[in-house]
Structure formats: structure tokens, C-alpha cells
Amino acid sequence: QVRLVESGGGLVQAGGSLSLSCVVSGGSFSSYNMAWFRQSPGKERDFVVAISSPDGTWYGDSAKGRFTIARQNAKNTVYLQMHKLKPEDTAVYYCAGGQSFGVTPSLYDYWGQGTQVTVSS
């Protein structure tokens with residue numbers, strides 16, 4: 001069974017930085033396309049950024065110029081570095097993976113439980 005576990009969320013002031021990690025177990029991480037999504041209360045789950053296998057990337061508008069995605073296959077881990085954070089970045093951030101690649105949540109087969117990111121003004 002494939003399991004994704006996110007970590008690194010927390011509270012940060014506007015303008016600050018935060019790094020998220022997602023460790024994948026029970027599957028073939030190196031073959032998966034990986035992505036980060038986020039969801040605020042009452043809103044849909046929105047695409048943030050994705051990284052393919054190999055390392056092609058696709059950044060959503062909210063992430064361009066501020067966020068960086070990377071993967072380390074030897075550690076079965078995908079990372080999300082977030083800089084210049086804004087209050088509107090506040091959300092639960094989810095890691096997702098699978099054989100498809102794109103911006104739609106339904107494309108991904110596996111999901112983590114999410115990690116809360118809160119940006120104070």
C-alpha cells in the first residue's frame with residue numbers, strides 16, 4: 001500500500017519561508033509524478049506545483065517565482081520550498097502522486113493527509 005506523509009507545516013509571518021516534505025513509502029517513488037495541492041476552508045483543492053519523473057516541473061500561478069519543488073528519489077521524498085509567503089497562502093497542503101501528470105486532483109492516485117500552513121499578516 002502506497003503511503004504519503006507530509007511534514008513541515010506551521011505558522012509563519014507574511015514574507016517568511018517554510019519548507020514542506022512528503023515521504024512516500026510502499027510504492028515505486030521514482031516512477032511517480034508528484035504534486036502539491038492546497039485547500040482552504042470552503043474552497044476547492046487547488047494545484048500548486050508538480051514534478052514529473054524525470055524532473056520536469058509545472059508551476060501554478062500562485063507558486064511561480066516564490067515556490068520551488070524538488071524530489072530526491074534516493075529518499076523517496078518530494079519537497080516544497082515556499083518563500084515570500086502571503087496570508088492567502090494559508091491552507092492545508094497536500095502531497096499527491098501517481099502515473100499521471102497535470103493540474104487536476106483526480107489525476108493523482110495517492111494522497112497524503114495534509115499539513116497546515118498558516119501565514120499571519
Side-chain angles (χ1 to χ4, degrees):
Q1 183 176 355
V2 180
R3 186 180 182 212
L4 283 66
V5 179
E6 301 99 334
S7 62
L11 174 64
V12 63
Q13 288 188 333
S17 300
L18 208 58
S19 294
L20 306 182
S21 300
C22 173
V23 179
V24 179
S25 61
S28 179
F29 175 79
S30 62
S31 71
Y32 296 153
N33 300 306
M34 300 298 300
W36 289 93
F37 289 80
R38 67 187 186 185
Q39 189 168 20
S40 302
K43 295 187 178 180
E44 295 184 349
R45 192 165 293 189
D46 290 333
F47 172 76
V48 177
V49 60
I51 186 167
S52 67
S53 172
D55 300 338
T57 56
W58 189 341
Y59 286 85
D61 289 341
S62 64
K64 291 178 182 176
R66 300 189 301 129
F67 296 0
T68 302
I69 190 171
R71 66 189 298 159
Q72 191 169 9
N73 289 343
K75 293 189 175 182
N76 289 356
T77 302
V78 61
Y79 304 94
L80 179 63
Q81 292 186 337
M82 303 184 291
H83 302 288
K84 301 178 183 178
L85 284 162
K86 307 173 183 179
E88 50 264 45
D89 294 318
T90 295
V92 177
Y93 283 70
Y94 295 92
C95 175
Q99 299 300 324
S100 298
F101 185 70
V103 304
T104 306
S106 61
L107 289 172
Y108 295 88
D109 302 311
Y110 312 112
W111 290 85
Q113 81 289 349
T115 186
Q116 177 69 47
V117 171
T118 303
V119 184
S120 62
S121 58

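We're numbering straight along the sequence, starting at 1.
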Pairs of donor and acceptor atoms involving the side chains of residues 13-27, under 3.5 Å and at least two apart or interchain, shall be tabulated with distances.
from	atom 1	to	atom 2	distance (Å)
S17	OG	H83	ND1	2.8

Could you walk me through whether C95 and V78 pass the side chain to side chain contact (heavy atoms under 4.5 Å, CB included) test, one step at a time? CA-CA 8 Å; C95 175; V78 61; 3.7 Å; yes
Where the side chain of [X] meets the backbone of [Y], is there a donor-acceptor pair that is under 3.5 Å apart?
X    : Y    : value
S53  : S30  : yes
Y108 : G102 : yes
Y59  : I69  : yes

With under 30° as parallel and over 60° as perpendicular, where do the rings of Y94 and W111 fit, or are they tilted in between? perpendicular
For the pair F47 and F37, name the ring-plane relationship: parallel under 30°, tilted 30 to 60°, perpendicular over 60°.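 Plane angle over 60°, so perpendicular.
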Are V48 and L107 co-members of a hydrophobic cluster defined by side-chain heavy atoms under 4.5 Å apart?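 Result: no, two separate clusters.
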Same hydrophobic cluster for V103 and F101, using side-chain heavy-atom links shorter than 4.5 Å among ILVMFWY? yes
To the nearest 0.5 Å, what is the distance between CG (N73) and CE (M34)?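 Rounded to the nearest 0.5 Å, the CG-CE separation comes to 10.0 Å.
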Drop me the distance from Y32's OH to N76's CG, to the nearest 0.5 angstrom. 9.5 Å
With respect to Y93, which candidate in E6, Q116, M82, Q39 satisfies the side-chain contact (heavy atoms from CB on, under 4.5 Å) definition?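 Of the listed residues E6, Q116, M82, Q39, the side-chain contact (heavy atoms from CB on, under 4.5 Å) partner of Y93 is M82.
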Ring of F29, cation from R71 - is the NZ or CZ under 6.0 Å from the centre and inside 45° of the axis? yes
Which donor-acceptor pairs under 3.5 Å do side chains of residues 84-92 form with protein atoms, sequence neighbours excluded?
from	atom 1	to	atom 2	distance (Å)
D89	OD1	R38	NH1	2.9
D89	OD1	R66	NH2	2.9
D89	OD2	R66	NH1	2.7
D89	OD2	R66	NH2	3.4
D89	OD2	K86	N	2.7
T90	OG1	P87	O	2.9
T90	OG1	V119	N	2.9
T90	OG1	V119	O	3.4

Would you check if V2 and L4 make a side-chain contact, meaning some heavy-atom pair closer than 4.5 Å?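 The answer is yes, as the side chains (C-beta and beyond) meet within the 4.5 Å cut-off.
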